[in-house]
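Just below is one structure, and these are the notes that go with it.
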2 protein chains.
Amino acid sequence: MKETITLKKLAEMLNLSIATVSRALKDHPDISEQTRNRVKELAELIDYNPNPYAINLRTSNSKEFAIIVPILSNRFYHSFISSVEEEARQYGYSVSIYCSNDDAALENDILKRCRQKRMTGIFVAITPATTDTVSFKRLESTGVPVIFFDKVPDQDTYNRACVADKKAAVLAAQALIQKKKKRVLAIFDSIQMSITRTRLEGFLATFAAEAPEVQVDIRHVVNSETARQVVAQVLGHEPMPDAIFCMSDEILIGVMKAQQRTTLRFPDDIGIIAISDGFIPQLYFPEITYVETSGYKLGKLAFSRMMACLSGSSFAQTLIVDSILIEGGSL
Amino acid sequence: MKETITLKKLAEMLNLSIATVSRALKDHPDISEQTRNRVKELAELIDYNPNPYAINLRTSNSKEFAIIVPILSNRFYHSFISSVEEEARQYGYSVSIYCSNDDAALENDILKRCRQKRMTGIFVAITPATTDTVSFKRLESTGVPVIFFDKVPDQDTYNRACVADKKAAVLAAQALIQKKKKRVLAIFDSIQMSITRTRLEGFLATFAAEAPEVQVDIRHVVNSETARQVVAQVLGHEPMPDAIFCMSDEILIGVMKAQQRTTLRFPDDIGIIAISDGFIPQLYFPEITYVETSGYKLGKLAFSRMMACLSGSSFAQTLIVDSILIEGGSL
DNA sequence: GTGAAAGCGCTAACAG
DNA sequence: CTGTTAGCGCTTTCAC
């Protein structure tokens, strides 16, 4: 159990006061260059590490961000997390990950913990059950920025960063129109979810405005398996759709399973397009054409907003990450 | 900016000393039940939260574990992380996630950070480039347990938790033999990786011992795309294999892409089996038969070893998570 | 049973 | 330029 090196020890070894050593280490202008070098050299040599707990106790600045997500087994959040972590490290911050398991009570516990730990700032994707956002507001009022991302509250009094859900659906619809598809099977998640309503609206509005003659068959499913069943049934009967739209990865997976039982080929026999972060689409051959919703880009955006808040930007802002179409060859 | 509640404030409000309040809050036997209740009630009422930095400064116990992984976009590590986090929370520990990006230098920085932050213990999957494990040893010698998992150093002087790599390959081989496959195309990652050598050895030994007559065609690939190319070529020429083995998810993905260009069907025309954590196999229809390597189980195992170390178990130990065969219908 | 006091390692006035 | 001092909030002897 090697004893730890403290400022005091350094000071003793150098015959200086603790204060001087402390200042030398952080390039305080008062300190002579000679002393500074002497201190820094020894510190380096004996591998001095400041105790972050002491620093925090003194300064109440943890240099640590929290990210709270409702679920961890989700690629979108993973890329968001890596993205933020990447930036944070550059700025000398750490990142702690918390998972609320879609449980509003647990989310509240986590929030409490974040308060205890004096987190510098918080990124949070709320659970569907989160109704009481007042505790977030309270935290924010104590000077801890809260950036909501992906799953955000309705009120625009919060800082929010989202992907362009509506536009993603619009882009997908336009791609279908451009490929002259006439009979589109469009599969959406449950209409309960606000993201579904947003995407559905954009999707339908685009067809209505730009290609009203296209037949759009909207179906709602609750998971991958129900998506598979819907498609298995549709593909077995004339008239067949000439393209399928999937509003999420989960749906895409189900559709692909159904397709694998048939002899139909993309894009010759039927086209397919999805909204996705891009991982699942590249599992197939040809790769699936998709409209990208990038957790990575969202992370960058949210982080920059965080830094802005930290340097004083106090008004709430809603930021949107743009979507783009990635051609895979399946449409 | 609401002012924070400290022990001192509580003490003042109750007309008690700080020491008494502190003791009351942690059920010290010296304190009378009456006082204790009085203290606890008020603490609850005004939402007192101890400052973890002060506690740590005093006790040098961060109650925090670190998990260091070489890459975050990996399902296996995700399930490991959730698994550990789940346990840790129950024991009142937090978990910080760090990603070394397969960079040994960064890994070292992270390690330094962990030392600074006085992490209670560390779980680490090392990068392929990590040669210098002495800094881990040094950390361990200061009383911070280091549990290596998945990617572990060669020396058995470390605490290591691994999946049963060899056995996984053996199980897959046995499944192929049992299905009376006679011409197996077996695709492995680069022979550079120790995991490849381990699996290859188990795989070949099983055929040699139990079914020497089976033709096993071993191929090494470097990624999903090369796997796809190999299979695309093999499937185009007689004599065709009657089964394919994939040692990893990445290979499986490539193989499936190749298959999607053919009219071959699993399991009728050809069989397929993989080693996987189970996510990718269930993307296809029929789902792919695989030998499971579970990050979740590995997490539980590693955590229990961590707790053992914390309560004094000092000798190094190598733990193995068993593998099982999951039938998907593709073999 | 309760309180006084020391100190964990560090920062930041305030003095010289 | 450098040192002295007073805490940050908490735990923990040691007294009473």
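In what follows, chains are A, B, ... by sequence order, proteins preceding strands, each numbered from 1.
- B:Arg115 and A:Asn49 share a side-chain donor-acceptor pair at under 3.5 Å.
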Just distance, no hydrogens or angles: give the donor-acceptor pairs under 3.5 Å from side chains in residues 151-162 of chain A, sequence neighbours left out.
unit_1	atom_1	unit_2	atom_2	d
A:Tyr158	OH	A:Thr133	O	3.1
A:Tyr158	OH	A:Thr133	OG1	2.7
A:Asn159	OD1	A:Arg305	NE	2.7
A:Asn159	OD1	A:Arg305	NH2	3.1
A:Asn159	OD1	A:Gln317	N	3.1
A:Arg160	NE	A:Thr318	OG1	3.1
A:Arg160	NH1	A:Pro153	O	2.8
A:Arg160	NH1	A:Asp154	O	2.8
A:Arg160	NH1	A:Gln155	O	3.4
A:Arg160	NH2	A:Thr318	OG1	3.1

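- With sequence neighbours excluded, no residue forms a salt bridge (Lys or Arg N to Asp or Glu O under 4.0 Å) with B:Lys112.
- Ion pair B:Glu44/B:Lys40 not flagged as a salt bridge, since none of the NZ, NE, NH1 or NH2 atoms sits closer than 4.0 Å to an Asp/Glu carboxylate oxygen.
- Aromatic ring pairs are classed by plane angle as parallel below 30°, tilted from 30° to 60° and perpendicular above 60°; the pair B:Phe303 and B:Phe123 is parallel.
- Donor-acceptor pairing under 3.5 Å is lacking for the side chains of B:Asp103 and B:Thr127.
- What separates NZ of B:Lys9 from C1' of D:dC8 is a distance of 12 Å, to the nearest Å.
- Scored by the salt bridge (Lys or Arg N to Asp or Glu O under 4.0 Å) test, B:Lys300 finds B:Glu86, B:Glu87 as partners (sequence neighbours excluded).
- Base pairing in DNA chain C yields stems of at least 3 consecutive Watson-Crick or G-U pairs, both distances under 3.5 Å, namely C:1-16 with D:1-16.
- The ring of A:Tyr93 has its center closer than 6.0 angstrom to the ring center of A:Phe65.
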Candidate pair A:Lys8 and A:Glu12, rule salt bridge (Lys or Arg N to Asp or Glu O under 4.0 Å), full reasoning: CA-CA 6 Å; A:Lys8 189 166 151 198; A:Glu12 277 166 10; 5.1 Å; no
B/S/- contact track for nucleotides 3-9 of chain C, protein heavy atom under 4.0 Å: BB-BBBB
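- Applying a 4.0 Å cut-off to non-hydrogen atoms, the residues of residues 26-44 of chain A that approach DNA chain C are A:Lys26, listed by residue number.
- Inspection of the A:Ser79 and A:Ser82 side chains reveals no N or O donor paired with an N or O acceptor under 3.5 Å.
- A:Gln116 places its CD atom 20 Å from the P atom of D:dC8, with the value rounded to the nearest Å.
- The separation between B:Asn61 atom CG and D:dG9 atom P is 21 Å, rounded to whole Å.
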